[in-house]
Amino acid sequence: MAFSKDQLLDRLKELQIEFSLYEHPVVLTVEAQAKYVGNLGGALSKNLFLKDKKHRYYVVSALADTKVDLKVLSQRLGLGKGGLRMAAEEALVEILKVPLGCVTPFAVVNESARHVSLLLDQGFKTQEYCFFHPLSNDMSISLNAHGLDKFLKSIGRDPSYVDLEANPPVGKDQPPDLAAFVPSDAPILSDLPVKAPTQDSTGKHVSAASNSAAVAAKAVKPSGNAQNVKEKPVNTVQPSIPAADAGNFVEELLDRASALLLSEISEDSIKQHSGQLGAEVANNIKKCLREDLKNLATIFKNTAYTEGFYAGTRYQPKRL
């Protein structure tokens with residue numbers, strides 16, 4: 001059973017961790033939360049639930065004004081520039097056991113999140129206290145870094161604070177400085193349905209796509225030699241994704257486009273580009289999606305061709 005907010009609050013009391021509790025309407029963004037607790041003097045937090053291409057998951061918890069560049073963070077983890085993206089809402093519920101808008105460091109309390117890596121903003125240590133949702137976004141609690149550390153240690157977590165705004169060089173002689181935070185034993189939850197996710201308290205949305213399509217496309221290379229077909233049984237290699245389904249293909253394109261659009265619209269981008277935001281977002285979407293969509297189209301074409309090829313080898317109509 002997943003931890004409830006009441007159980008979490010009871011645990012904090014048992015550990016004699018000092019905190020203050022503030023009830024408010026359900027909020028989904030930092031800005032909405034600020035309307036209710038932003039005038040109380042503590043620091044607000046934003047929390048990201050991320051995944052990499054190997055279905056390993058991360059919770060990144062930072063001060064609201066900390067700039068977290070996912071491309072830089074991905075490189076620092078040793079995952080390459082595009083190795084991180086927002087996890088799907090289904091994974092949020094399946095792994096962290098919390099609803100939309102409730103991602104915080106407390107969400108790793110559940111056993112299902114034991115493989116999730118937790119990265120904390122070192123800025124938390126400079127604050128008198130910080131606000132987090134206690135597994136439910138209809139209330140906020142304030143506590144200091146010492147209290148958070150005490151809770152995390154009680155569930156077997158070693159609190160890890162990093163400079164999330166740092167951008168150290170990564171190269172042959174300069175290994176990724178955060179590589180140790182990549183989970184080594186994370187389960188692969190590839191059966192989770194893929195939708196365009198809505199994200200947590202940052203208000204940013206990015207689709208979580210699987211790379212299984214690329215694997216399936218590369219795994220099958222049809223031969224024009226009929227003798228080779230006999231030597232290698234047809235049923236040993238089957239496309240593992242419905243990439244030849246035009247409806248699913250279109251949905252995947254729409255998911256990626258809409259998710260990227262939402263990810264480009266943030267408070268920082270609005271302030272930076274103002275009236276030119278539309279043009280800036282359009283250019284960024286074209287730049288980011290061009291290769292991605294080319295790859296998807298190629299996968300669709302190759303998988304459709306492969307399925308047709310194997311269908312032909314399995315069924316040969318009698319000639320009249």
Side-chain angles (χ1 to χ4, degrees), residues 46-63 65-88 91 95 105 108 113-126 157-190 199 202 204 206-219 221 256 259-260 263-264 266 268-269 272 280 283-299 302:
K46 59 183 177 184
N47 300 272
L48 309 173
F49 185 41
L50 309 173
K51 67 172 286 189
D52 64 23
K53 294 179 179 179
K54 293 186 177 180
H55 300 272
R56 296 171 297 201
Y57 293 86
Y58 310 77
V59 168
V60 177
S61 186
L63 293 173
D65 56 358
T66 295
K67 295 181 180 179
V68 181
D69 188 322
L70 292 189
K71 291 182 180 179
V72 172
L73 181 59
S74 179
Q75 283 188 302
R76 294 177 65 190
L77 289 166
L79 305 174
K81 286 186 177 181
L84 282 178
R85 63 180 64 203
M86 297 294 185
I95 298 172
V108 300
R114 65 188 181 279
H115 297 295
V116 176
S117 182
L118 175 63
L119 281 73
L120 301 169
D121 189 347
Q122 67 178 18
F124 286 146
K125 290 187 172 184
T126 67
R157 290 274 182 166
D158 185 18
S160 302
Y161 292 87
V162 299
D163 182 357
L164 293 171
E165 292 189 332
N167 187 8
V170 176
K172 183 178 180 181
D173 300 321
Q174 296 165 310
D177 65 315
L178 300 182
F181 294 102
V182 176
S184 59
D185 54 354
I188 297 178
L189 303 177
S190 56
Q199 229 340 292
T202 63
K204 295 185 178 181
V206 178
S207 173
S210 168
N211 67 348
S212 59
V215 175
K218 293 179 180 178
K221 184 178 180 181
R256 296 196 183 193
L260 184 57
S263 72
E264 289 290 333
S266 64
D268 290 339
S269 64
Q272 182 178 355
E280 183 67 21
N283 289 335
N284 286 343
I285 288 178
K286 288 180 182 179
K287 185 190 304 181
C288 294
L289 280 183
R290 183 173 288 111
E291 290 303 317
D292 207 14
L293 296 186
K294 283 182 181 178
N295 291 337
L296 273 178
T298 301
I299 290 169
N302 290 346

Visitor: Would you give the length of the straight line joining atom CG of Leu70 to atom CD of Gln75, rounded to the nearest 0.5 angstrom?
Guide: 12.0 Å
Visitor: Please enumerate all residues that pass side-chain contact (heavy atoms from CB on, under 4.5 Å) together with Pro159, with sequence neighbours excluded.
Guide: Leu120, Asp149, Leu152, Lys153, Tyr161
Visitor: Write down the atom of Lys67, the atom of Glu165, and the distance for their closest heavy-atom approach.
Guide: N-OE2, 2.9 Å
Visitor: Do the side chains of Arg56 and Val182 get nearer than 4.5 Å, heavy atoms only?
Guide: yes
Visitor: Closest heavy-atom contact between Asp121 and Ala62?
Guide: CB-CA, 3.4 Å
Visitor: Does Asp65 have any side-chain contact (heavy atoms from CB on, under 4.5 Å) partners at least two apart in sequence or in another chain, and if so, which?
Guide: Leu63
Visitor: Which residue pairs pass the side-chain hydrogen bond (donor to acceptor under 3.5 Å, both in side chains) test when at least one of the two sits in residues 167-176, sequence neighbours left out?
Guide: none
Visitor: Write down the atom of Tyr57, the atom of Ala87, and the distance for their closest heavy-atom approach.
Guide: CE2-CB, 3.8 Å
Visitor: To the nearest 0.5 angstrom, please state how far the CG atom of Leu73 sits from the CG atom of Leu50.
Guide: 7.0 Å
Visitor: Can you sort out the partners of Ala166 under side-chain contact (heavy atoms from CB on, under 4.5 Å), two or more places apart, ordered by chain and number?
Guide: Arg76, Asp163, Pro168
Visitor: Shortest non-hydrogen contact from Met86 to Lys51?
Guide: O-CG, 4.4 Å
Visitor: Is any side-chain heavy atom of Leu48 closer than 4.5 Å to a side-chain heavy atom of Leu84?
Guide: no
Visitor: Of all heavy-atom pairs between Arg157 and Val108, which one has the smallest distance, and what is that distance?
Guide: NH2-CB, 3.7 Å
Visitor: Who pairs with Ser117 by side-chain contact (heavy atoms from CB on, under 4.5 Å), at least two apart in sequence or on another chain?
Guide: Tyr58, Leu119, Phe181, Pro183
Visitor: At their closest point, which heavy atom of Pro176 faces which heavy atom of Leu77, and how far apart are they?
Guide: CB-C, 4.0 Å
